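Accompanying notes for the structure given below.
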Amino acid sequence: MDPFSSSSNSNGSSSASPEAIMDQLKVQLAQAYAEEFLETVRSKCFSKCITKPGSSLSGSESSCISRCVERYIEATGIIGRALFNSQR
């Protein structure tokens, strides 16, 4: 069953409550955000840190990627908190 289908009970009425649909949409949005976040981090940190692609990472490439990901996560958290606090 796809996420937009609704199941029906024996009398033909929809059994999906608005709350259940909202919860499902929240999960799908969170998954989409996580996928977008990972792809953005992957592409930005790769282009910044990997100068000569090969079969393994050098020590400096590995530490660069670690720092890049940490900074990106920190920046995303700061922006998220600022947006959340500005909506109050």
Side-chain angles (χ1 to χ4, degrees):
M1 174 181 275
D2 70 41
F4 299 106
S5 297
S6 61
S7 57
S8 298
N9 61 18
S10 60
N11 65 11
S13 66
S14 175
S15 64
S17 70
E19 294 82 15
I21 293 170
M22 284 300 289
D23 288 344
Q24 188 176 25
L25 285 174
K26 287 177 185 178
V27 168
Q28 289 175 344
L29 284 171
Q31 288 172 339
Y33 176 76
E35 289 172 9
E36 180 182 353
F37 176 82
L38 288 173
E39 182 55 35
T40 301
V41 168
R42 186 179 305 123
S43 66
K44 289 188 182 297
C45 293
F46 182 88
S47 64
K48 177 181 172 141
C49 297
I50 309 300
T51 55
K52 297 177 185 174
S55 61
S56 63
L57 296 175
S58 69
S60 61
E61 289 172 333
S62 182
S63 62
C64 179
I65 288 176
S66 293
R67 286 190 311 270
C68 180
V69 170
E70 287 173 12
R71 283 193 306 257
Y72 196 82
I73 290 170
E74 182 181 1
T76 302
I78 291 168
I79 292 167
R81 285 188 299 277
L83 289 173
F84 180 74
N85 289 335
S86 71
Q87 292 178 351
R88 285 184 173 193

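These figures come from a predicted structure and were not determined experimentally. The basis for the numbers below is simple: all heavy atoms, side chains too, and nothing from hydrogens, waters or symmetry mates.
- One finds the OH atom of Tyr72 at 15.5 Å from the CD1 atom of Ile65 (value rounded to the nearest 0.5 Å).
- Within 6.0 Å of atom CD in Glu39, more than 12 heavy atoms from other residues, nucleotides or ligands are found, so the atom counts as buried in its surroundings.
- On the SG-SG cut-off of under 2.5 Å, Cys45 and Cys64 do not qualify.
- The line from OG1 of Thr76 to CZ of Arg81 is 10.0 Å long, rounded to the nearest 0.5 Å.
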Pair Arg71, Glu74 - check salt bridge (charged side-chain N to carboxylate O under 4.0 Å, His left out), show working. CA-CA 5 Å; Arg71 283 193 306 257; Glu74 182 181 1; over 6 Å; no

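- Closest approach of Ser47 to Lys44, counting heavy atoms only: OG-O, 3.1 Å.
- Val69 is connected to Phe46 through a chain of hydrophobic side-chain contacts under 4.5 Å among Ile, Leu, Val, Met, Phe, Trp and Tyr, so both are in one cluster.
- Distance check, rounded to the nearest 0.5 Å: CG of Leu29 to CD of Gln31 gives 9.5 Å.
- Nearest approach of Ser63 to Ser60, heavy atoms of both residues: OG-O, 3.1 Å.
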